[in-house]
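All values derive from a computational prediction rather than experimental measurement.
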Amino acid sequence: MEQKLSVIMAADVAGYSRLMELDEKGTLAALMAHRQELWDVEVAAHHGRIVKLIGDGMLVEFRAVEDAILCAVEIQRGMRNRNAGIRPDRRMEFRIGINIGDILVEDGDVYGDGVNVAARIESLAKPGGVSVSSSVHDTLGGRLGIRFEDRGEQVLKNIGRPVHVYNVFIDDAGSGLGALMAPPSQEVRENPPVKSGRTLLHVSRFENLSGNPDQEYFAAGITQDVVAALSRFSGLNVIVRVPHVEPQHHAPAAYYTLEGSVRRVADRVRVNANLTNATGEHIWAEKYDFDLIDMFDVQDELSRSIPAALNVKIEEAERYRVLAEPLKGSSAYDFYLRGRHVEKSLKPDDVRLAKEMFLAAIDADPAYARGYLGLAWLEIRKLKWNERVDMETTLANAFAWANKALERSPRDADVHWALGVVHLWRREAERAIGCYERGRELAPNNCDLLAEYCDALGYLGLLQDAIRIGELALRLNPSRPDWYFWNVAAAKYLSGQYAEALALLEKMADLGSAYRLLAATYAQLGRLEEARRAADELLKLNPEFSIERYGSRAPYRDEALLARYVEGLRLAGLPE
């Protein structure tokens, strides 16, 4: 069974049972005609794949959100024309719902949360209308000139979290503000307004080096998918660069350019991508080689891997850029990046400096969400590091700061991630999962979020999910920070896979607070001398550590898993 991120369209006929009761044969014949003459044509034209037909309904998979939206709008326009002249009570009208989410693929069929949400959203659509999730709305942005009606958060049947839903305005082709202004394209003739506190990224269309003009669509499709994924990172202003038109440099010190090429020969394809900064210095480059068995698989892999790598490398480059500049005249964004640079340090002086930087970010711009978010993370780290603090007060502070960030930036995935951690430590499991999943909707390729979600799922006893998501983060992030290995190792440890946990911990360059897990792992493997050495290292870093405080605070949902961890800590000789 394969898992991947995909765009899913769900559709059915409004009032189908009533139409069948009126005229069973005529209704069935009309449905078949609509499918063959309209649906099949539009789905193929927009690079979709009809996964299955279920009575009057169907599921369709697309490679890009633009294709799905355009297909849905053209189908509903086509149905208006086909219904012209038919009595209102005999008209066949479809409802369409579209969602981006994780799906499971087995024998050509699809399952999973992404499919379920699409089906529930479809049930909210008006007859002849299209409704989409916020992940679709946010990914699309304003690129196709489509207007949306905000329906707010909706509680969907059998979905454990509210989902933000939008209706698509569908005008007749070529008329009104809601009409499509251009065919599907990522070319932007004017630079959109640049939001403060966000880095500028110019993306050039990937060049077709195959020597075959017929492969232009393949290079264009990869560009489109990568841009759509990049647009979901809250820290980036993504601008597609029109060929032969130089970009306008709003902030020369803080913009980057992504360029790439595609070479396809027979059933092999190589994609090259490289990132440069404002001075032309190379920040990152990578090549990807594939056997071209399934076009969807290639594009899915690239739309995950390239944005994930860029998000990591751009933030890293931005931090070093800001640190090289004088503190005087810094913006809220600069102060935030300075705080981020030191916030994960275990040194008290660095933690105090991080707090000063986040407060300075708030003073510089009280509307900038990331300053509040940084303060929330400082409170959260006290819990994770097992510091001697009042739990209730610390959680209240973290919750308050995170909510202030949410008020200012409700579509920032990192804010929902921080709230997820707070709910986890408040032992509100369902709310925690809801926040993490909302973060994933907004930024599915945010590797740090995925790695942190792995940690949360481990505490909640969902160990196979934790390992799967943690390993995805490791695969997508070229930098692979040490704490990624630690989080996956923790899930392996809790699963009783001690040797695999140790193999991951041994890949860490700086164990830091992971000495706790290392000590327990060595102990469970019977390597008690090494376990005690790891315990000694932990106590050098955190002299106040105690098993009792850790056990009473850590948000394990399954007492048996906590007991397994505590057993290892005791065998390693850590203080009660």
Side-chain angles (χ1 to χ4, degrees), residues 7-44 46 48-62 68-99 109-111 114-133 136-137 146-159 162-173 176 178-179:
V7 184
I8 292 293
M9 173 196 289
D12 73 358
V13 177
Y16 184 69
S17 297
R18 178 186 61 80
L19 292 171
M20 288 290 284
E21 186 177 355
L22 290 172
D23 180 1
E24 188 174 272
K25 290 184 179 180
T27 297
L28 187 57
L31 176 61
M32 296 301 294
H34 293 322
R35 282 176 174 170
Q36 294 170 7
E37 298 168 11
L38 179 62
W39 278 85
D40 288 355
V41 172
E42 292 297 341
V43 167
H46 293 90
R49 177 177 74 92
I50 295 178
V51 177
K52 61 182 173 182
L53 303 174
I54 313 168
D56 64 313
M58 68 176 68
L59 287 177
V60 187
E61 181 185 13
F62 292 89
I69 289 284
L70 286 165
C71 182
V73 169
E74 291 306 321
I75 285 171
Q76 295 296 33
R77 285 179 175 162
M79 286 304 302
R80 288 183 183 180
N81 294 332
R82 296 171 75 88
N83 279 323
I86 298 177
R87 285 170 43 188
D89 65 326
R90 297 298 181 97
R91 291 174 181 169
M92 187 169 289
E93 295 181 303
F94 288 88
R95 296 177 301 190
I96 297 176
I98 305 174
N99 179 48
D109 205 349
V110 295
Y111 310 89
V115 177
N116 297 336
V117 170
R120 298 307 181 199
I121 290 173
E122 172 261 299
S123 68
L124 298 177
K126 300 174 183 177
V130 180
S131 293
V132 304
S133 65
V136 173
H137 170 271
I146 293 178
R147 292 184 300 148
F148 292 90
E149 174 193 11
D150 189 342
R151 294 191 59 183
E153 291 195 337
Q154 301 288 324
V155 177
L156 306 181
K157 184 179 179 181
N158 296 330
I159 304 297
V163 176
H164 207 112
V165 175
Y166 295 82
N167 289 341
V168 177
F169 281 105
I170 304 174
D171 293 346
D172 292 333

How far apart are the C-alpha atoms of Asp56 and Phe94, what are their side-chain angles, what is the distance that settles it, and do they pass the side chain to side chain contact (heavy atoms under 4.5 Å, CB included) test? CA-CA 9 Å; Asp56 64 313; Phe94 288 88; over 6 Å; no
Check against salt bridge (charged side-chain N to carboxylate O under 4.0 Å, His left out), Arg82 and Glu37: CA-CA 10 Å; Arg82 296 171 75 88; Glu37 298 168 11; 2.8 Å; yes
List the steps and the verdict of side chain to side chain contact (heavy atoms under 4.5 Å, CB included) for Glu21 and Leu19. CA-CA 5 Å; Glu21 186 177 355; Leu19 292 171; over 6 Å; no
Walk me through it: do Glu122 and Ile96 pass the test side chain to side chain contact (heavy atoms under 4.5 Å, CB included)? CA-CA 5 Å; Glu122 172 261 299; Ile96 297 176; 5.7 Å; no
Assess whether side chain to side chain contact (heavy atoms under 4.5 Å, CB included) is satisfied between Lys157 and Arg120, documenting all intermediate values. CA-CA 7 Å; Lys157 184 179 179 181; Arg120 298 307 181 199; 4.1 Å; yes
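His164 and Asp150 share a side-chain donor-acceptor pair at under 3.5 Å.
Here the closest heavy-atom approach between residue Val163 and residue Ser133 is recorded as CG1-CB, 4.2 Å. Scanning all heavy atoms of the two residues, the minimum distance from Arg91 to Asn83 falls at NE-O, 3.4 Å. The shortest heavy-atom contact between Pro127 and Glu93 is CB-OE1, 3.6 Å. Counting all heavy atoms, side chain and backbone alike, Ala72 lies closest to Val130 at CB-CG2, 3.9 Å. Counting all heavy atoms, side chain and backbone alike, Ala68 lies closest to Phe62 at CB-CD1, 3.6 Å. For Val43 against Arg49, the heavy-atom pair with the smallest separation is CG1-N, 3.9 Å.
For the atom pair Asn167 CG and His137 NE2, the distance stands at 11.0 Å (nearest 0.5 Å). To the nearest 0.5 Å, the span separating CD1 on Ile121 from CD1 on Ile8 amounts to 12.0 Å. Between Cys71 atom SG and Gln76 atom CD the span is 10.0 Å, to the nearest 0.5 Å. Taking CG of Asp89 as the start and CG of Leu22 as the end, the distance is 6.5 Å to the nearest 0.5 Å. To the nearest 0.5 Å, atoms CD1 (Ile75) and CH2 (Trp39) are separated by 4.0 Å. The distance from atom CD1 of Ile170 to atom CZ of Arg80, rounded to the nearest 0.5 Å, is 6.0 Å.
With a 4.5 Å cut-off on side-chain heavy atoms, Ile69 and Ile98 count as touching. The closest side-chain heavy-atom distance from Thr27 to Met92 is below 4.5 Å.
Using modelled atom types, one side-chain atom of Arg151 and one backbone atom of Leu124 make a donor-acceptor pair closer than 3.5 Å.
Here Arg35 does not pair with Asp40 in a salt bridge; the nearest charged N to carboxylate O distance is not below 4.0 Å. In summary, Glu74 and Arg77 engage in a salt bridge, as defined by a charged side-chain N under 4.0 Å from a carboxylate O.
For Lys52, the NZ atom is densely surrounded, since the number of other residues' heavy atoms within 6.0 Å is greater than 12.
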